[in-house]
Structures are given as structure tokens and as C-alpha cells.
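Okay, structure first, notes after.
Lettering of chains follows the sequences in order, A, B, ..., and the numbering in each one begins at 1.
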Amino acid sequence: VKTPTRPIARRQKELPAPRRRLRVYSLDPSIATSLESVAVNETTLSVRWEDELKPGPVGECLEVVDVDPASGCLYEPVDLNDPKLLAQDGWPPSEGNPKFHQQMVYAVAMNTIAHFEEALGRRALWRPRRGRAAGKGGSGAYRSYEVQRLRIYPHALRTDNAYYSPDKVALLFGYFPAASKAGDAATPGSMVFSCLSSDIIAHEMSHALLDGMHRRLQEPSNPDVPAFHEAFADIVALFQHFAMPELVRFQVALARGQLSSARLLGGLAKQFGEGTRGSGPLRDYLGEEIARLDYATTFDVHARGAILVGAVYEAFLKIVTRRTEDLIRIATSGTGILPEGALHPDLVNRLAEETCDVARQVLRICIRALDYCPPVDITFGEYLRAIITADMDLVPNDKYFYRVAFIEAFRNRGLLPSSIRTVSEETLAWGTLDEPSPDWLRGLLRNVDLAWDRELTRSEVFALNERNRWTMWRNLRSVIARDRSVCAQLGLLPGIPRYGHDGSVLKAAQPGETTFEVFEVRPALRVAPNGSYRTEVITSIQQRRAVPVDPQDPGAGTFWFRGGATLILDTRRENPQVRYSIIKNSGSESRLQRQRDTYGKTLVSPLRGLYFGNTSSEPFAMIHSSAGGMAHG
Amino acid sequence: MAKKKATRRRRKAATTTAPTGGVVIRHYCQGIGDCHLLRFPADGGQDFWMLIDCGVHTSVKGGSDLLDAVVRDIAKQTKRLDVVVLTHEHMDHVSGFRSAADVFEQEGIEVDEVWLAWTENPKDAQARKLDQYKQQALAALRLSSQRLDSVAGPPPHVAVVRDGVQALLGFSFGAKGERVRSCREALEAMARRDVKYWEPKDPPIAIARLPNLRIYVLGPPRDEDWIDVKERAGEMYGLGAEPSWPMAQALSGALGAKATRGETGYDVAAPFAPGLGKRLDEFTGTRARSPSPGVAPETAQFAQRHYFGRTEAPAPVVRSSQPKNVIDAEAFDQSWRRIDYDWLAASADLAMQLDDRTNNTSLVLAFEFVDTQRVMLFTGDAQVGNWLSWQDVRWKVGSATVTGPDLLARVVYYKVGHHGSHNATLKKKGLELMSQPDLSAFIPTNATDAKKVGWGQMPFPEIVDALTDCCDRRVVRADDEWLQAASGKPGFKVPFGSIRSIRHQPGLWVEVEVA
């Protein structure tokens, strides 16, 4: 008899940590006040489980601090790990319970971060902070410090405003008594909290995330730049609606499949809009008002941004229609004409599923395009090019014609880039260098550590990025020292001096040198068409010049004129390549003229500009303020 | 600012028929402020004198001395003012009646009648409500301005709000804190007869001694939507809808709650029921180390770690060049993220709202010469809403009907509103309706003074351009260079358009004969 061999020791794989489920208002508290929509008032978000979540909530990348200086109060932080809360998905929605407010901003904010991180395939980081070192050694020197957590103040302001503060790396939400008319969902005089609107939270979070990626988009170098910031934030807020299947099902059933009349999905910040303006959502992307806007003559930040959002939303609706046509035909025995009355629940489910799918994809396309944007001074047309390029990279075979839908919607609004002759996917996609595999590329990538083999914390990612930036800066400096012609390929000017903060020249450039900055080095993993992985690096190389505001009047001061390149590099060792080079020429006179024309134009209303000037501090606060333009943003 | 090169409507001025009748207007040039002395030659040789406003913005240095000189000059012209018009209750229109009250008296100037807008009538219920709002907003703004002043080293955007609010309060308070109301009362005290309140529904004002003159009251409108209207279609707080005004209340509630530290001053604009949350002073000062029994230790710890105190862990430094083993206190600092004063920035919104509403209560007068049908327009500082309301006003004059647009179309002389700022001269429903080829304009402004207060665009360049265009150069500004020298000459030859003649005394006045 054979003795049985001892079984090889094995262990069942541990299951991944479950997600944390948290209850929130699906849109805002006003939904519950109407009998028609009360069923979809509440939803439960499931967010990433954070082991170290502390009361606040204070997690790895967010800290909610509920200080209300106007009321002189601190509201006690919610502890989401309290067993009582864990057992029932957190506090139930309530306007009168500050702990629920904290829970809701945390949940929606985490959700927005997840959208970004999934689309980009990497950790989202906040903008660093400049400070002056204190203490022994190096005292007084300016340094950049990492900001690990975005801070969220749910009750910071007593006004109809909410904004992202780049100075504080924080979101500030306001509250105010509603001034709506009788018959509106918001009761006149009742308190409206901007931190209870998922749209507003998502919008402000997107500002923070976008600012963390593209800090230069804060400089209004052309009218599209600030409008893009607002538009992008609205796009994220809008498509976040579709992450709530029950809301989509409800609206699809109500609109009988016609998404273009699904008002709850296509409008933003309903309660806030009614509370401030007296009627309707703050921005209604299905409404007439936004459809009438003209790109050539609209310069108000929000209105101009709304044109871009309108284009993306139109593309989305067209794709949905295309993708659901067959379902409608199946359900109607080929006639395509839906019968009277309510839709069959199965059909509603399938339609909603398709819609949510498309929304998820469109949102990803929009976020992923951020990696393909020019380093500075973006225009709407260039954003379209980024969208097309990013999508061609990911989905070479565009079965459902997503890209055509985008191009058509942008063309309908005159948002095409001015530099291309014909409009097609090929012409819109970014180009590359004349020689895509130049000799200097290996030198540029030398010692750049992409850490594919390691799981890193947020702080480690941040530190690694910093090291890579400096590595690549030194590499590029020696590349340029050997071959000055590289400058021109990267949109840089030779011989640019080093400037101080005030625009004065600190150090003239040595012959053959120039001043530039490697603004960022971001690794990205992409699946190549043949199924293998491609390890890519997205890098942004920039330089700045202090240019007089008025060439005739040296006393009028200077502004920064920036240029450079975004490079998307295939780093595979056997054949490194510049896959795309997106150039903003540092020496472009026409672009300089455009920036000069834009400079000094007030982003706020002329009257607010008169009394309260233009200050670069808290740019979003001014733009979002009610008396200076459209309320909120 | 892009200058329009092509002249939009440069018209040939009529020079053939010299109109009869007319008026001599002495515009005083005290800077940011209005004071206009009108002399109408009357039948029987005794002229009719009207003074429209007399004030200067609180920020103008030596403003009250200037006004003393203005009043002395008025006395040299006439000892009797048949009518004094006060367009609206702002310092830059009214301060002189108080600061130079003694000069009025010394010089023996007699005031017969005082004209105000219906919005100033204490017997009018609607006006009282408006006044309640004004007082509430002013009280809140004053408190918040004091609070803003007390902030040491404020963040830049808060400093901007502080200075902006202070400058706006200069429309409502004098340098010594005297209230604008007291200036108006000083004027009312001068009048020999009861104050007259006017509104658009009144028939055109007729003055017995001036049969050739009709005065139409174009504004302020009664309709609250108009008083309220700003540059965007929707606006926040309806005047009529509620017993009090949320924006003012939110501020004063918060400021008041602070004033009674320890007491539970009831803050009506507080977000939650009283009792929720811990007072912030539980965490500062000596309390920071030993919280009071009512505060849970975890809450106290949270407050220190995430707001008041230092961070737990240092923030990593970005540069690789940081020397090791150095404790950088800055890395533990989180005071830069505090929001102690950011909420006060809301006072900017309230200050602008109050300013806008008060300006919109301006008494707007259109003077019509019966024989020539020509019109002079004095708008005070009327804002968008006031201007828009003129589209709907109409009067029966004999068998004819006169409408607002009709009057605008006949304007040959325009006193520009609000020192030429944006929002006080309408384009489509204003300037573009004034289609007379003889149109001329005067702007009571001083760009240098305005810059000192931080108002970079007063007058607003686009408005100046449009005016220059419509008036074929006949725009006189109180700060025009040619007015500064005795030998100065305007950039046009008189008589030209509606200006028959023009004289000036450097630094004090410019006098225009209009017909």
C-alpha cells in the first residue's frame, strides 16, 4: 500500500477588499421634494476601501475638515468606520446632519478620483505648494512641497459659491438661503448646501484634478483656456450622472428612450440653479440657451465653456442613438416606432445599460485626452485633436464611429483647429517628429525610472516623478549642448535666459544653452494593437519668456509667454520612438499676439473688475462668484 | 482695448438754424462727484436756478475743501436756488450739503425746493422697504469692513475685497464715518418748502416762469424687477419676496454672532440647528492643550492635526537638493490652508448689490424745450434696470403721447451716468437711441482719482469711445487736459452741435451753453 504523499501546501487566494458603500443624494436634495422623482433621490456609491480611513473622513488623498468660520463652529468629524455606520452604508441622506454632508463630499469626491485614475491608469496627484523653508539650514529658500491630501471644507462660505482654491489646495463649499419662486423644488428661504450637490462636488473635484495635471491651464493665455477648465469640469460632472444606473433607468423610462429630453441627466445643479436664479438647473445642456451660443462671439468663461460641453454631449447623444437603434427595432418588430404607454422594463434596462456604457466610454475618452493635450495654451480645436489621437491609440477600429460623432459635433459649432486643411481622423490626429526615432532619444530617456515593477504609494509616485523630471532635465540639457537643432524640434528657442519671479533676468544663457523646464514625466502603459504592452512616457517640456505687455511702454509690466512640447514616447528599448509631438512654438508671433490681446481682459464682469480688480489669487472664486458672471461653476 | 477705427455714426452738426431758448450749465469739476448748476433764462428777467447734486467721493483727498470752493462759486452766481435736485443717496452726489453747510449759510444761499425720487419718501411703503434693505446691508457691510480691516496679513484676494468694500462704502459714509443720510437731511433742512418726491407716472413738471420747459421724470421705476436688474437676466434676491435680505443677513448674522462671544446670539443664517458643532474658540489659545469637558478629546485632536496645529508628518520636499537631517518647520505648517477669512469675501457681492440698487434709485430727468423739442438728459447714476424701464414709460401731453424712447431720440445733451463707468450708459437701449446729430455729453469723472481708489476702468474706455463717436468729439470730461489751463481750448470749435458756447475756470468748473 502506498502511503499517500503529503499534499503540497496551498492556500486559497485572499479575496480583494470589498468596497465601501456610502449613501448620498443622487443629484441633490431637491429631487426628493417632487413625488415624481422621489424614488431616485438617493443612491449608494461604492468607493475604494481605505484601510487607514480616519474620522473626518481623512483618507490617503482627501481630508474633509468641517470648519465653518462664519458660524464660528467646527462640526465633529464623521467616523465612517463606526460599526453602526458600516452596517447601514453610512448616514442616511439628511440636510440637517453635518456628518452626512462630510460623508457625501467624501464619497462623491472619491468617485471622481476613481474616474480619473481608471481612465489615466495612474494615481492622480494634487498641485504641489510653494513655501519658504524655515529652520536650520536652507532657511528662507523657496521650495516646493508635496501636498498629499486635497482638503475639503463643506461649509466654508456663506454665499452661493463653491470653488477650488489652488492657493490652499482645497475645495471650499458655500451654503445660502434659497430665493426660488413658489413652485420650484427649492423652498424659498430654505438652506441650499452646495456640498450636497453631486454635480458641484464633481465639478470642483475636476478643477482640482485637472490643476494637478496641467497647472499651466490656470493662465488665461487665450479665451479658450479658462473656458476649457470650466467645460472640462462640467463634462465630468455631467457624465458622472450616468454612473448611477437607477437614475438613468428612471430617466430613460420617463423620456421613453429619448435621452435628448432627459432633463435630470442633461442639466447640472438643479437645486443650486433654482436657489440662485429662481428657475431651472444652473446649466441646462439640453436647453435652447446653450444651443444658441456662438463660439466666435461668446467670451464669457462659462458660456464659452458651455459650447464645448454642448459639443461633447451632442456626440454622446448621437452615439447612444446609434447604439440603441437595433434595440428599438427589435422591440418594435422592425418598425422603430415605439407603442404608446410605458416602455417594457426589460427594454428600459437594456437601453439604460447601453447608455451608461457609452457615457462611461465618452467620459474616459475625455479624461484620457488630457495626456494628449499641448503643454500650454490649449484651444478647443486642440482638445478635439487630443480626443481623436487618444482614442485612435486605444481603439484603432472605431466600430461605432465614436470619433466621427465627435468630429461632427465639434464641426457643427465651429470648434475645429485652424491649422488643418481637411477634416478627418488622420488630419486631426497629432503628428510626430520628422525623424520619429532620433539619435538623441536614448540619451533623453537615460536613467529615467518608470517603476513598472513596483507598487507605489501616492507619495512615492510623487517623489519618483520629481526624480524623473530632474533626470530628464539633465539629459535634455546635455542633448541640447551637443546638438542645438533639438531645440527647434521641441518648440524651444535657444538662448533664453533664466528669469526671476518678477520677470527680471537672473542669468543670461551661455552660448549653445537655453533655459527650459521638464514640467512633468508621466509613465503610461498601453496595450498595443497586437496585444502586447507598450510602455510609454508622456513628458511636457516648457520654457517661458517675460514679454512686455505693451512693446511701446516698458513700464506697463510683463507677462509670461510660454512654449514647448508634449512628447509621447514609446520607451521600448529596442526601438524608442517619439509617437506624437505636440508643439506650441515658443517663438510663435501669432500666438504671442493672441496672448497679448487676451492679457488684461477681465474674466469677471466689467463692474466687478472695476471695483475688485483682477487678481491672480483665487481665480476660481472670482469666476464662480454670482455677481461677477454666472453663479457657481 | 481694441479701438474702433471706423466711426460708427459721425454726423454733421446742424449749424444753420440757431435754436432759441436754452440753458447755461456750470459743471463743477471736483473729480469723482456730481455738481451741476443750471441757469434757465426766464421771462421777466429773473433767471431760474437749479442745482443738481453737490458731492464728491469720500476717497478724494481735499474733497470737502473743493466743495467749499464750489459752494462759494455758486453764491457768486446766485443767492437763490429755485430747486435743488438730489438724484440719489450717495456721497459723491450729496456730501457737500453737509460738509459745506456752513458755507451755504455764510453765503446766504437760499434753497426754495428740494426734489427727490419717490424711493426716498418715508411715507411710501415700497420706499420704506427698500430703505430697510439699504440699512441692513450697510450695517452688515460696515461690520464686515471692520472685520476685514482687523485681519493681519490677509491673503491677497481677501485684501482685494477689503479695499474694494472700503471704496464702495465711500459712497455711503464720509471720511469721519458720517452717514450719507445725514447729508441728505442737511439738504432737506435748507429747503424753505416741503420736499417734493417725483416718479415716472407724474405728469411732466411745468414751471410757471419757464413756459418753454417741460421736465419728464424717467426714473426710478416702481417695478421692483427693474430696480433690481443687473447685467444678467436672473438675479438672486427678490426685493419683494421676503421680509429680509439673505445676503445681508448671512453676513450680519455671522458678524453679530461673533460680537456676542459666549452668548448664544441667534444667528438666523446659520446652516444647522443651534447646538450642533463646537465653537472654534474651544480649540485656540490655552484651550488648544486642554479642551473643555464638552469637547471630546478626539475632536480636539482632529482640530489640531487638521486645522489649527502642525501636521502630523512633514510634507516631502519636491527638490532633490534638500539637505538631510534638517528640520524644516515649514513642512509641518498648514496655516496656509486655513479659511478663517475667505467667507468675508462674500461682502464684495453684497457691496456690489447695494451699490447697484442705490444707483438704480437715481432720479432721472429729461428737460424738454417745447419750441425746439430738444431734450437734455440727466441720469444721476442710473444703472441698467433704470435705463431699461424707460422703454415703457409714456405721458399724455395735450393730445400727443410722449414715450421714453421718443425722449431719448431727441436728446442733444447728456450728463453721463456714474462717472462714465460700465453699466451706467446703456448701448442698445440707450446711447444708440440718442440719434440726434447735435448730441454732446459731459462726464463728471477723474481717472487719476479713480485710479487712486483702485478703479482702473473709470471711465470705461469702451463707453468713452462710443460717446466720442456718437457726439462727434463733443465730449467734455471734468478731467480733460484743456480744462486745467486758463488758455485751454476744447478739441472742437464752438458753436458746434448743441453746444453754443463754452467757458471754464481751471480746476473748478466748465460752463456750457446748451440749446
ask   = Is a salt bridge present between K99(A) and E76(A), judged by a nitrogen-to-oxygen distance below 4.0 Å?
value =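 The answer is no: the pair does not qualify as a salt bridge.
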
N-O pairing of E282(B) and R279(B) below 4.0 Å = no

key: Largest heavy-atom contact set with chain B, pairs under 4.5 Å, which of D79(A), L157(A), V65(A), L74(A)   =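 Most heavy-atom pairs under 4.5 Å with chain B: L74(A).
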
ask   = Among P55(A), S459(A), P98(A), who wins on heavy-atom pairs under 4.5 Å with chain B?
value = P98(A)

May I ask you to decide if the ring planes of [X] and [Y] are parallel, tilted or perpendicular, using 30° and 60° as cut-offs?
X	Y	value
W473(A)	W470(A)	perpendicular
H155(A)	H101(A)	tilted
F193(A)	Y175(A)	tilted
Y75(A)	F272(B)	perpendicular

Checking heavy atoms, do the side chain of [X], its backbone, both or neither come under 4.5 Å from chain B?
X	answer
N97(A)	backbone
E63(A)	side chain
V169(A)	both
P77(A)	side chain

[X] versus chain A, heavy atoms under 4.5 Å apart: side chain, backbone, both or neither?
X	value
V295(B)	neither
Y341(B)	neither
L168(B)	side chain

task = Between chain A and each of A273(B), A296(B), A331(B), A303(B), count heavy-atom pairs under 4.5 Å; write down the option with the most.
result =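 Heavy-atom pair counts peak at A331(B).
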
request  = Could you check if a side-chain atom of D342(B) sits within less than 4.5 angstrom of a side-chain atom of K168(A), using non-hydrogen atoms only?
outcome  = yes

